[in-house]
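Notes follow once the structure below has been shown.
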2 protein chains.
Amino acid sequence: MKTLEEVAQRAAVSLATVSRVINNQPHVRPAIRERVLSAIRELGYVPNAAARTMVTRRTNIVGLMLPQVTWDWYGGDGTFYPMLLQSVSNACTVNERHLLLSTVPPGNPQMAREVLGGGHIDGVIASMFASADPVINLIATSHLPAVLIGRNPYYPELSWVDVDNFSSAQEAVSYLVRQGRRRIATLMLGTEGQAGVQRRDGYTRALLNHGLALDPALLLEPSRSGDDGYAAMQQLLDLPNRPDAVFAAADGMALRALDAIRERGLRVPEDIAVIGFDDQPSASRAGPPLTTVRQPIMEMGTQATALLLRLIDAPEAGPLHMVLPTQLVIRQSA
Amino acid sequence: MKTLEEVAQRAAVSLATVSRVINNQPHVRPAIRERVLSAIRELGYVPNAAARTMVTRRTNIVGLMLPQVTWDWYGGDGTFYPMLLQSVSNACTVNERHLLLSTVPPGNPQMAREVLGGGHIDGVIASMFASADPVINLIATSHLPAVLIGRNPYYPELSWVDVDNFSSAQEAVSYLVRQGRRRIATLMLGTEGQAGVQRRDGYTRALLNHGLALDPALLLEPSRSGDDGYAAMQQLLDLPNRPDAVFAAADGMALRALDAIRERGLRVPEDIAVIGFDDQPSASRAGPPLTTVRQPIMEMGTQATALLLRLIDAPEAGPLHMVLPTQLVIRQSA
DNA sequence: TTGAAAGCGCTAACAA
DNA sequence: TTGTTAGCGCTTTCAA
């Protein structure tokens, strides 16, 4: 690997001058600047990141912590993390930052601890299922600039980007009511995270608003992976008084519900209307195409990165919060 | 941030001793080791990565370069990169390495150049569409330990992990012939990469083996993104002498082909048999469930990481090559 | 406008 | 077994 010194020698100047040229600092005569630039080009010199970091305390690396990349997300596409990752990666490239990705295995935050404490990164973006995930605590105590995807009730000092899950769910369920539905079930997310809590509460609030009865038999919480949504829908269909609509808090569950309904020979939306959440790619190709709440996933990643870069430059400006709009995409399932 | 020196002070020993403890070196009295360990724990000390890297010339970071994470891969799931990423990430965690992810925008390899030249990483895994992608050249000239996903005809000095695309395609098409198909079309991948070339050649070889005619009208190359596979299938159906089987080199294309066939009121597999490639999650949920060639994507990521770690420890051991087995998964579309 | 030199936190060679 | 010390490659005063 080439060093500053070799460049300096070749250009017949001092280390300091080469450093100035590299960092686009003033006070270098144009002729000399040119000479240095040529030397750099000829040598194929690239500054050593570690050495730079030692003195500047900057890495130009953004950390991203996820439970995983791929996921059998409620039996659906599981495109949430890939899209988030893609958008954060894009934003990093645009802003000339590198991206250090940590998928944190449950119960083993050792690598995460090292990333957070070892000066690897200038700041971190994290998206975890549970509000109480130990990784969030590590982040909070690291005092690194940080932005969460999804608000967190336990760490008000942390910045976040989120959608309004409460209102979005409320809007979706209200839409069902306006379509004449009176017995509306919900397939819930786990409530370890705020998304699950707020979508459930939005559902409840919509029923309350319209004076509809709250039937606990109509609230089901399928497990996150696998085709549990299918079994849950069957359970709903087996009810003596089956629902005429379902609000599924994830597209995967909605798709599995569609399967279960179709198998019973029931029609969607005539017999049962179905609404999903996320608008994953497969939603529009479902039979029938799924009405769903679209989350601006890519935008969340982009904005999270933007907030983080602001925090890195001005930590005292935090905590920063941003709520991005969702959109009810009406197709044919409701 | 805490430093070695603070730990040394607190434990009342020298820097060297603390360093020895951290790096699990011998020649430290157990009692002293304990004292140092306590100091580390009490201080919450984590070694500074940049400082370590400066002297050891090791980063413990693996680079991964991809065109992107999400992709509308021939109108399909596009789970290839997310799965690859997941498996590499897992393997890194298991081997106590961090992962630096670079999605390289077409025509802008600047960040990649910096990663490769700046001492950011100990080695790199890359998966590009085109064998002649400039990034591959950057990698080859960086002299960093590197492993490609997919063999490369231009850089024999590079290590790779791959499947046998030629034989896999040949096997799939031979299966169609054994099922009595005589007029077999193929929806090809782009041929800028070896996967596309070899799947096409395997298709051709199977026809040759069975003495079947090669009809250029039966070779179509849909574009990588979007629903082009749908239009391609329509084109095949419009042929005066339409095919009785289709070998699609990507599941996405196969799925779109299924759509086009269904719309014409034709039956699969009775009228036209369809085979895909990849076995993406949606393949098994298609109507009818797709017969396809399963690629061990996660295994490729795992093995690529393993090879890379070997190369990092012993660069002269390379180039290393590994061919992983595929499997023809027979479902109902053929 | 340029250069000399200190020092970032750590490891490793060498001395004790 | 433990400690002292010389750098690793760079940026950043400070002096010239």
Side-chain angles (χ1 to χ4, degrees), chain A residues 1-37 39-40 43-61 98 114-122 142 144, chain B residues 1-40 43-61 98 114-122 144:
Chain A
M1 236 185 45
K2 307 294 176 227
T3 68
L4 244 206
E5 186 155 19
E6 300 178 58
V7 176
Q9 234 152 32
R10 189 175 244 270
V13 294
S14 72
L15 296 186
T17 299
V18 180
S19 180
R20 287 188 190 102
V21 171
I22 288 173
N23 296 293
N24 276 315
Q25 287 174 20
H27 308 307
V28 182
R29 280 217 316 274
I32 296 211
R33 186 179 293 274
E34 273 318 310
R35 229 164 64 208
V36 171
L37 254 15
I40 289 177
L43 257 33
Y45 168 78
V46 179
N48 182 279
R52 270 188 145 167
T53 295
M54 283 239 60
V55 14
T56 61
R57 311 342 319 267
R58 276 293 195 104
T59 63
N60 281 328
I61 301 178
H98 300 286
E114 201 185 304
V115 168
L116 262 6
H120 277 281
I121 57 180
D122 295 334
S142 77
L144 271 179
Chain B
M1 237 186 43
K2 306 295 176 226
T3 68
L4 245 206
E5 185 155 18
E6 299 178 59
V7 177
Q9 232 151 36
R10 189 176 244 266
V13 293
S14 71
L15 294 186
T17 299
V18 179
S19 180
R20 286 188 190 101
V21 171
I22 288 173
N23 296 290
N24 274 315
Q25 287 173 21
H27 309 306
V28 181
R29 279 215 318 272
I32 296 212
R33 187 178 293 274
E34 272 318 310
R35 229 166 63 211
V36 172
L37 254 15
S38 315
I40 289 176
L43 257 35
Y45 168 78
V46 179
N48 181 278
R52 270 186 145 170
T53 295
M54 283 240 61
V55 16
T56 61
R57 338 269 36 224
R58 278 292 197 106
T59 62
N60 281 328
I61 301 178
H98 300 288
E114 201 185 303
V115 169
L116 261 7
H120 277 282
I121 57 181
D122 294 333
L144 229 42

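Both backbone and side-chain heavy atoms feed into the values below; hydrogens, waters and symmetry mates do not. Protein chains get the first letters and strands the later ones, always in sequence-line order, with residue 1 at the start of each.
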side-chain contact (heavy atoms from CB on, under 4.5 Å) evaluation trace for B:I61 with B:H120: CA-CA 7 Å; B:I61 301 178; B:H120 277 282; over 6 Å; no
Between B:E5 (CD) and C:dG9 (P), how many Å, whole number? 9 Å
Return no unless some side-chain N or O of A:R57 is found under 4.0 Å from OP1 or OP2 of C:dG9. yes
Starting from the 5' end of DNA chain D, give me the residue, B:A12 or A:V55, whose nearest nucleotide shows up first. B:A12
Is the shortest side-chain N/O distance from A:T17 to OP1 or OP2 of C:dG3 below 4.0 Å? yes
How about A:E5: does its CD atom have over 12 heavy atoms from other parts shown lying under 6.0 Å from it? no
Between D:dG9, C:dT11, C:dG3, which nucleotide gets closest to the side-chain atoms of B:L15? C:dT11
Apply side-chain contact (heavy atoms from CB on, under 4.5 Å) to residues A:L15 and A:S19 and explain how you reach the verdict. CA-CA 6 Å; A:L15 296 186; A:S19 180; over 6 Å; no
Could you tell me the separation between the CE atom of A:M54 and the C1' atom of C:dC8, rounded to a whole number of Å? 4 Å
Mapping B:A16 and B:A51 onto DNA chain D by nearest heavy atom, which one lands closer to the 5' end? B:A16
Does the pair B:N48 and A:R57 meet the rule for a side-chain contact (heavy atoms from CB on, under 4.5 Å), with working shown? CA-CA 11 Å; B:N48 181 278; A:R57 311 342 319 267; 4.3 Å; yes
Can you tell me if the side-chain N/O atoms of A:R29 get under 4.0 Å from OP1 or OP2 in C:dT1? no
Scan residues 19-27 of chain A against DNA chain C and write down, sorted by residue number, each residue with any heavy atom closer than 4.0 Å; if none is found, say none. A:R20, A:H27
Has B:R52 got a side-chain N or O lying under 4.0 Å from the OP1 or OP2 atom of C:dT11? yes
